[in-house]
Structures are given as structure tokens and as C-alpha cells.
Asks: 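Before I ask anything, here is the structure I am working with.
Keep in mind that what you see is a predicted model, and the values were worked out from it rather than measured.
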Amino acid sequence: MSSSSSYRLLVISTAVAPLGSGLGGGVELFVKNAVQSLQQRGHQVTVLAPAGSVLAVGDLIQLPGQWQPTAHTSERSSPIVMPEPSVLAAMMGYAREVQQKFDIILHFCYDWLPFYLTPFFQTPIAHYVSMGSLTDAMDTVISQVAQAHPGTVGVCTQVQAETLPAADRYRPIGSAVDLSLYDYCDRPGTHLAWMGRISPEKGLEDAIAAVAIAQVPLKILGKLENQDYWQHLQATYPDAPIEYLGFLDTAGLQAAIRSCRALLMTPKWVEAFGNVAIEALACGVPVIAYRRGGPTEIVRPGQTGWLVEPDSVEGLVDAIARIDQLDRQACRQQAVTEYSLEALAQRYEQWFHDILSPQP
Ligand code: HBI
């Protein structure tokens, strides 16, 4: 990496929770992988994150303050909120003071403030939008920045961009996994897997209904975010062949899923990406997913998985019966080719290059 194209990068983490707490959901992985992959390519990466964060890579600066309430449970008309003292305001204030030391700022906040402050910064800001459209207020400020600062708003996938106003203004950046943490398994057992926050928008009830019909055992992994919902599922499907393994770290997660025959993904909302899909592929586990959101851009039907008519339990049962047509080697190979940290870093570098030296 020649010095001319190595960047001094300031990364601003999500403000919903400290990094490493698991409370931030998928965005914690987005931040960690961005920092790790860019540092490995020789860039100087400084990270601003809420106090209590843990991050093994980058130079971490922790700031105090109240976390942002999560946006994924908002209504369309939800107002912008920032509890005082706001950790988000603290991070943006700190970034404003040190911005001259950096070539570019990259943030992962699905929140109003970083977008609103963009015109007041001298150092360019790259915005990584980690969810689809949720509220009118966020749609407005995201699309305004994308119009006033073309090319600076990134998304996970094109299908996620299509939920936002003016879909063509956003740049798909995708995601990645640290492949060294996932071991390929070509001799699966009998189980299927389901992974994700146990919350209604993730649609676990459909996966349970499908395995109850198919009579195939299902391993369930993830944070138990909604206790009432979980109680309801157990009451509705008392005899389903399911086993809840809890919220596991990456080592535990991959050890649990690598010998599964397939991962089931049953999102009820437009999943911006679906990191669990590439974690499964990295282990050689094919993905059976509703044709909705990020997984539609990840799964290669008939090779690394099946895409099913959204909300069709029968469709899931039919796909489960056709798992043996899928190729576990091709699953691992797709993760290596498309979802490595190296490939992600190159997408970020190209993005930053295009922001810093816009074509006429
Ligand atoms: N909510 N307010 C807010 N800000 C975020 O950055 C945010 C969130 N909810 C969920 C979330 N980020 C991540 O879990 C997803 O983007 C993956």
C-alpha cells in the first residue's frame, strides 16, 4: 500500500450501545469488520464509540452519554429524539474538533444528527446506512444528504436502497465476515439452524411451523429480545422439534451451525443485508430464505440456497426437501470470493477514493 493512497480514517460507531455489548445488533459487526479490514490494508483507523465499548482493532476513543433509542422499533411518524446528555452529540462534537487530522470520516449511525451536521464539516463524511426505510424523518435527512453530497451515502444492498427515497443515490457497500473464524464442514448432521434477534420482525414463527411439518430438528441461536413473543411461540408450537442455544459469540455460533444442513431465514421486514447468511455460507451451510431484502442478493438459488415465496411456510417445507441438491463447497467458495474482509476493504477504499477525488 503506497502512502499516497493510505487514509487517516475516523470511524464513528453506532450510538445505540457500546461495541461488543451485542445490544447494537448487526451494526457491531459492520463496524468491527470495516475497522479490521481497513487497518489490515495499512490505513490509520481511529474509532469513536460509546463508553463501555470493547474493540480489538483500531485506536478506540470512548465517550460518555446516553445511548440513542433503537430506531428499528420506530413508527413512520416517530420524531427525532436525542436523550441528554447524548453520546451521539458527544461523538459528533469530538469529531468536529479533530476533523482536520483525518482524510475522511465514516459513520454507522442510523440517526439524524450526523446527516444534519454534514454541511458544517470540512472533512468529508461517508455515511453507512445499515437499515432500510423506517421513519419519514430519517428518510428525509438521508435523501437530502445523498442529493447535496452525491456518492457519500452507502447502503448494504440495492434492495435496501429501494426502500429509501431516490434509490439510485446510494452506493451498495455490502458486508463481510472474518473467514478465519469459520470452519468449513462438508458432513452435516440432521439439524437446521435459525439465527437472529428473537423479535417479531425476524419471523421465527414461520421457521418453527415449517420444521414442525417437516419434522426436522431446528437449532435456534440469538438474543432473546422479546420474551412475550418467545412465550407465545412456545405455547403455539409445544411439540415442535426446536432447541434454543442462546446468544453465542462467533466461535460458539459457528461451532453450532457448521454441521447444520441449512440455515432458515424468515424475515418479516426488509433485512438490509442479513449477516447470518454469510456466516452460514462461510461454514458451507446453504441458506433457505424468503425472497425479501438482503438475502435475495446473497443466495444463489439451486447452488448455495433456495429463495422462497415470502411468508410461505409450505415454500419453506418444499425447500427443506430439496437441500440435498445444494452444494456446500460452493457455499464456502461464495463467502471466500464475495464476503472476505479483503474484498470489503477494497469496496471501502474505492468508495473513499471516489468521494475524495470525484470524477468531473
Ligand atoms: N437505532 N437509533 C438507532 N441507531 C442505529 O445506529 C441503529 C439503531 N437500531 C439498530 C441498529 N442501528 C443496528 O442494529 C442495525 O443497523 C443493524
Side-chain angles (χ1 to χ4, degrees), residues 72 132 157-160 162-163 185 188-222 224-226 228-245 256-281 283-328 330-331 334:
H72 73 259
T157 57
Q158 190 53 39
V159 64
Q160 169 207 356
E162 275 145 26
T163 68
C185 166
T190 57
H191 284 73
L192 298 174
W194 186 97
M195 300 196 286
R197 284 180 291 105
I198 298 183
S199 180
E201 74 273 8
K202 298 283 187 176
L204 177 53
E205 66 273 17
D206 290 4
I208 295 176
V211 297
I213 295 167
Q215 277 306 300
V216 175
L218 177 70
K219 287 180 184 175
I220 298 170
L221 290 75
L224 220 179
E225 194 169 88
N226 187 318
D228 294 345
Y229 173 61
W230 178 237
Q231 297 302 334
H232 164 71
L233 294 183
Q234 289 181 300
T236 310
Y237 302 100
D239 307 323
I242 63 174
E243 182 188 358
Y244 176 54
L245 301 182
I257 66 164
R258 57 193 294 274
S259 58
C260 287
R261 295 179 57 220
L263 173 74
L264 300 184
M265 291 187 76
T266 51
K268 295 295 179 183
W269 69 335
V270 173
E271 193 77 46
F273 188 79
N275 281 317
V276 295
I278 59 177
E279 294 186 285
L281 293 176
C283 297
V285 178
V287 177
I288 293 173
Y290 283 156
R291 189 179 294 103
R292 177 182 279 148
T296 60
E297 294 186 18
I298 297 170
V299 172
R300 292 180 189 155
Q303 197 189 28
T304 62
W306 295 113
L307 291 175
V308 170
E309 181 61 33
D311 310 321
S312 164
V313 171
E314 299 69 37
L316 294 173
V317 174
D318 172 56
I320 291 168
R322 292 184 292 139
I323 289 173
D324 296 343
Q325 296 173 32
L326 302 171
D327 179 345
R328 293 178 75 92
C331 293
Q334 183 182 359

Asks: Which heavy atom in I208 sits nearest to a heavy atom in A240, and how many Å separate them?
Replies: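 Result for this residue pair: CG2-CB, 3.5 Å.
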Asks: For the pair T266 (side chain) and A207 (backbone), establish whether a donor and an acceptor sit closer than 3.5 Å, ignoring hydrogens and angles.
Replies: no
Asks: What are the two closest heavy atoms between T157 and A272, and how far apart are they?
Replies: OG1-O, 2.7 Å
Asks: Could you measure the distance from the CG atom of N226 to the CD1 atom of I198? Nearest 0.5 Å is fine.
Replies: 9.5 Å
Asks: Side chains of V211 and L264, heavy atoms from C-beta outward: is any pair under 4.5 Å?
Replies: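 Yes, close enough: below the 4.5 Å cut-off.
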Asks: Among residues at least two apart in sequence or on other chains, which ones pass side chain to side chain contact (heavy atoms under 4.5 Å, CB included) with A210?
Replies: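 Listed in chain order: V313, L316, V317, I320.
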Asks: Just verifying a value: how many Å separate D311 CG and R291 CZ, rounded to the nearest 0.5 Å?
Replies: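 Taking CG in D311 and CZ in R291, the distance rounds to 12.0 Å.
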Asks: With sequence neighbours excluded, tell me which residues meet side chain to side chain donor-acceptor pair (under 3.5 Å) with T296.
Replies: none
Asks: Could you tell me which non-hydrogen atom of R328 sits nearest to which non-hydrogen atom of P188, and how far apart they are?
Replies: NH1-CB, 3.5 Å
Asks: Does anything in residues 206-220 pair up under side chain to side chain donor-acceptor pair (under 3.5 Å), and if so which pairs, sequence neighbours excluded?
Replies: D206-K268, D206-Y290
Asks: Partners of Q231 by side chain to side chain contact (heavy atoms under 4.5 Å, CB included), sequence neighbours excluded?
Replies: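 Counting only residues at least two positions away or on another chain, Q231 forms a side chain to side chain contact (heavy atoms under 4.5 Å, CB included) with Q227, Q234.
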Asks: Ignoring hydrogens and geometry, is there a side-chain-to-backbone donor-acceptor pair from R197 to K202 under 3.5 Å?
Replies: no
Asks: Test side-chain contact (heavy atoms from CB on, under 4.5 Å) on I257 and V276 and set out the steps.
Replies: CA-CA 10 Å; I257 66 164; V276 295; over 6 Å; no
Asks: Shortest non-hydrogen contact from T190 to R261?
Replies: O-CD, 3.6 Å
Asks: Return yes if a side-chain donor-acceptor contact under 3.5 Å exists between Y237 and E205, otherwise no.
Replies: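 Per modelled atom types, Y237 and E205 side chains form no pair under 3.5 Å.
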Asks: Please find the pair of heavy atoms, one from S259 and one from A256, that lie closest to each other, and give the distance.
Replies: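 Taking S259 first and A256 second, the nearest heavy atoms are OG-O, 4.2 Å.
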Asks: Which residues satisfy the side chain to side chain contact (heavy atoms under 4.5 Å, CB included) test with E314, sequence neighbours excluded?
Replies: S312
Asks: Drop me the distance from E279's CD to R258's CZ, to the nearest 0.5 angstrom.
Replies: 14.5 Å
Asks: Nearest heavy-atom pair of I288 and A262: which atoms, and what distance?
Replies: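 Nearest heavy atoms, I288 then A262: CD1-CB, 4.2 Å.
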Asks: To the nearest 0.5 Å, tell me how far L204 CG sits from Y244 OH.
Replies: 10.0 Å
Asks: Can you give each donor-acceptor pair under 3.5 Å made by side-chain atoms of residues 298-310, sequence neighbours left out, with the distance rounded to 0.1 Å?
Replies:
| from | atom 1 | to | atom 2 | distance (Å) |
| --- | --- | --- | --- | --- |
| R300 | NH2 | E338 | OE2 | 2.4 |
| T304 | OG1 | R300 | N | 2.9 |
| T304 | OG1 | Q334 | OE1 | 3.0 |
| W306 | NE1 | R322 | O | 3.0 |

Asks: Could you grab the distance from atom CD of E271 to atom CD of E297, nearest 0.5 Å is fine?
Replies: 12.5 Å
Asks: To the nearest 0.5 Å, tell me how far L263 CG sits from C331 SG.
Replies: 10.5 Å
